[in-house]
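To start, the structure under review is shown below, and the notes come after it.
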Amino acid sequence: MTARGTAGPAASDRRPVARTRTPGTDTGPTDIHSVYVRSLIRSQLRLALICAAGFVLATLLFVGVIAFAPALDGAFVAGVPVSWLLLGFGVYPLAISVAALYVRAATRNEARYRSLAEDA
């Protein structure tokens, strides 16, 4: 009850007033920084998708070449077929190379973001 004897709105009925922005009003540097952050997220996502797709494609090509070269199954090194050795020792360097390229490119993206954010 309020001082006049009427009940005020319950706490759950109170809602914050939405602030609307009109075009052309500057709300400060946070808008610029949020644009930069969204841009960084998009570029990192794009980079991750490209690296993942490249790895999958290269792996499929690698496996396809081995599958269509049946002579590799007849050749043995230390009792192990050459095709198995190629898969075992060929896919891992591929994965490590893609990972290293991704880290280098992601670091470059973040460095660009930092330089833009500091300038703003």
Side-chain angles (χ1 to χ4, degrees):
M1 294 267 216
T2 59
R4 295 183 187 190
T6 60
S12 63
D13 291 342
R14 293 185 207 139
R15 295 188 182 162
V17 176
R19 296 181 187 180
T20 58
R21 290 187 289 165
T22 57
T25 59
D26 186 21
T27 59
T30 58
D31 284 344
I32 294 169
H33 291 291
S34 65
V35 168
Y36 288 154
V37 168
R38 283 194 306 269
S39 174
L40 174 66
I41 291 170
R42 278 193 309 269
S43 66
Q44 296 291 56
L45 176 63
R46 186 178 323 116
L47 175 64
L49 292 174
I50 289 171
C51 286
F55 175 73
V56 168
L57 181 66
T59 303
L60 288 175
L61 286 173
F62 197 79
V63 170
V65 166
I66 290 172
F68 290 118
L72 293 175
D73 287 335
F76 290 89
V77 174
V80 180
V82 173
S83 61
W84 286 24
L85 291 173
L86 288 175
L87 281 175
F89 294 108
V91 175
Y92 288 111
L94 173 67
I96 291 170
S97 299
V98 169
L101 289 172
Y102 174 78
V103 168
R104 194 173 101 195
T107 304
R108 195 175 334 123
N109 282 345
E110 291 171 3
R112 285 184 194 146
Y113 164 74
R114 268 188 250 112
S115 70
L116 285 173
E118 289 171 358
D119 292 343

Do [X] and [Y] share a hydrophobic cluster, counting only Ile, Leu, Val, Met, Phe, Trp and Tyr and linking them when any side-chain heavy atoms are less than 4.5 Å apart?
X: Phe55; Y: Tyr92; answer: no
X: Val37; Y: Val35; answer: no
X: Ile32; Y: Leu40; answer: yes
X: Val65; Y: Phe68; answer: no
X: Val91; Y: Phe89; answer: yes

Discussion item. I'd like to check the side chain to side chain contact (heavy atoms under 4.5 Å, CB included) partners of Ile50; sequence neighbours left out, ordered by chain and number.
Written reply: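 If we apply the side chain to side chain contact (heavy atoms under 4.5 Å, CB included) test to Ile50, skipping adjacent residues, the hits are Arg46.
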Discussion item. For Phe76, give me all partners under side chain to side chain contact (heavy atoms under 4.5 Å, CB included), at least two apart in sequence or on another chain.
Written reply: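 Side chain to side chain contact (heavy atoms under 4.5 Å, CB included) list for Phe76, sorted by chain: Pro81.
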Fill in: Ser83: partners by side-chain hydrogen bond (donor to acceptor under 3.5 Å, both in side chains), with sequence neighbours left out
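Ser83 satisfies side-chain hydrogen bond (donor to acceptor under 3.5 Å, both in side chains) with Asp73 only.
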Item to complete: Under 4.5 Å between side-chain heavy atoms, chaining through other members, with only Ile, Leu, Val, Met, Phe, Trp and Tyr counted: pull out the rest of the cluster around Val56, sorted by chain and number.
Response: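 Listed partners: Leu60.
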Practice prompt. Would you mind listing the cluster partners of Leu49? Hydrophobic ones only (ILVMFWY), side-chain contacts under 4.5 Å, chaining allowed.
Written response: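 Noted: Leu49 shares its cluster with Leu45.
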Could you state the interatomic distance from [atom1] ([X]) to [atom2] ([Y]), rounded to the nearest 0.5 Å?
X: Ser43; Y: Tyr36; atom1: OG; atom2: OH; result: 13.5 Å
X: Leu72; Y: Leu86; atom1: CG; atom2: CG; result: 6.0 Å
X: Ile66; Y: Leu61; atom1: CD1; atom2: CG; result: 11.5 Å

Worksheet entry | Leu87 side chain near Phe62 side chain, heavy-atom distance below 4.5 Å |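 The answer is yes, as the side chains (C-beta and beyond) meet within the 4.5 Å cut-off.
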Using distance only, find each side-chain donor-acceptor pair of residues 98-113 under 3.5 Å and give its atom names and separation, not counting sequence neighbours.
{"from": "Thr107", "atom 1": "OG1", "to": "Val103", "atom 2": "O", "distance (Å)": "2.7"}
{"from": "Asn109", "atom 1": "ND2", "to": "Gln44", "atom 2": "OE1", "distance (Å)": "3.0"}
{"from": "Glu110", "atom 1": "OE2", "to": "Gln44", "atom 2": "NE2", "distance (Å)": "3.3"}

